[in-house]
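Data first, discussion second: the structure below is written as structure tokens.
Along the sequence shown, residues carry numbers from 1.
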Amino acid sequence: MTGVLLLVNGPNLNLLGTREPEVYGTATLADVERITSEAAAELGFEVRAVQSNHEGVLIDAIHAARADCAGIIINPGGLTHTSVALRDALTGVTLPFAEVHISDVYARESFRHFSYLDDVAAVRVVGKGVDGYAEAVRELVTLISE
């Protein structure tokens with residue numbers, strides 16, 4: 001393996017597969033983790049996954065990533081639009097990261113159009129369903145490998 005990628009999924013993503021399937025589809029969090037891990041393995045990386053509904057748990061995982069991760073793939077869920085602390089954690093560890101959103105946030109409520117991570121993410125993948133995680137892996141690994 002070339003390295004480790006941290007996969008971070010924020011609040012309510014544990015409900016994938018049952019939560020608003022018309023918006024998020026029927027894939028589960030386990031499917032997301034599998035898709036991400038398979039895409040990473042094809043490129044010589046492994047994935048460590050964390051999901052939490054608690055902001056501090058996510059921040060602690062991001063801080064710990066400094067020790068052994070080459071990059072981070074994150075779907076911050078609702079924290080996208082509210083969390084300066086999450087942004088500070090991501091910029092503070094100085095690892096490149098990809099921001100992923102399953103749904104097209106720009107086609108939804110106006111409050112979802114703003115992201116605290118937008119201007120600091122190395123990669124953004126929005127509205128491509130759970131397959132967007134694999135795209136984020138490929139783009140992030142390309143940047144890491146340059």
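Note: the hydrophobic cluster containing V50 does not contain L29 (ILVMFWY, side chain heavy atoms under 4.5 Å, direct or indirect links). By the criterion of side-chain heavy atoms lying less than 4.5 angstrom apart, applied directly or through intervening Ile, Leu, Val, Met, Phe, Trp or Tyr residues, V93 is not grouped with V100; the two fall into different hydrophobic clusters. In terms of hydrophobic clustering, with Ile, Leu, Val, Met, Phe, Trp and Tyr side chains grouped at heavy-atom distances under 4.5 Å, L79 and V125 are assigned to different clusters.
Annotation for F45 and A70: closest pair CE2-CB, 3.9 Å, computed over non-hydrogen atoms. The two residues A89 and I59 make their nearest non-hydrogen contact at CB-CG2, 3.9 Å. Minimum interatomic distance between R48 and C69 (heavy atoms only, all atoms of both residues): NH2-SG, 3.2 Å. When every heavy atom of S37 is checked against every heavy atom of V47, the shortest pair comes out as OG-CB, 3.6 Å. For the residue pair S52 and V57, the shortest heavy atom distance occurs at OG-CB, 3.5 Å. Listed here is the closest heavy atom pair of A64 and D68: O-OD1, 4.2 Å.
Counting heavy atoms from C-beta on, the side chains of F97 and I62 never come closer than 4.5 Å. No side-chain heavy atom of D31 sits less than 4.5 Å from a side-chain heavy atom of V130. For the pair H54/D60, no side-chain contact is recorded, criterion being any heavy-atom separation below 4.5 Å from C-beta on. Here the side chains of H101 and P76 are in contact, with some heavy-atom distance below 4.5 Å. In this structure, the side chains of E135 and V123 stay at 4.5 Å or more apart for every pair of heavy atoms. In this structure, the side chains of S103 and E20 stay at 4.5 Å or more apart for every pair of heavy atoms. Considering only heavy atoms from C-beta on, V32 stays 4.5 Å or farther from N75 through its side chain. Two residues are said to be in side-chain contact when any heavy atoms from C-beta on lie closer than 4.5 Å; L90 and V120 fail this criterion.
Atom OG1 of T28 is separated from atom CG of L13 by 11.5 Å, given to the nearest 0.5 angstrom. In this structure, CG on L86 lies 8.0 Å from OG1 on T80, to the nearest 0.5 angstrom. R138 CZ to L143 CG: the interatomic distance, rounded to the nearest 0.5 Å, is 13.5 Å. Between the CG atom of L95 and the CZ atom of R66 there is a distance of 9.0 Å, given to the nearest 0.5 Å. For the atom pair NZ (K128) and CD1 (I102), the distance works out to 14.0 Å, reported to the nearest 0.5 Å.
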Distance-only check: which donor-acceptor pairs under 3.5 Å involve side-chain atoms of residues 4-11, not counting sequence neighbours?
from : atom 1 : to   : atom 2 : distance (Å)
N9   : OD1    : Y133 : OH     : 2.6

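Distance alone, capped at 3.5 Å, places no donor-acceptor pair between the D88 side chain and the A85 backbone. A donor-acceptor pair is defined here as one N or O able to donate and one able to accept, closer than 3.5 Å; such a pair exists between the side chain of T18 and the backbone of L15.
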Stepwise side-chain hydrogen bond (donor to acceptor under 3.5 Å, both in side chains) test for Q51 and N53: CA-CA 7 Å; Q51 185 283 324; N53 296 317; 3.2 Å; yes

CA sep, side-chain torsions, deciding dist, call: T36, V137, side-chain contact (heavy atoms from CB on, under 4.5 Å): CA-CA 7 Å; T36 306; V137 166; 3.7 Å; yes

Derivation of the side-chain contact (heavy atoms from CB on, under 4.5 Å) call for L58 and I74: CA-CA 10 Å; L58 302 177; I74 182 168; 5.9 Å; no

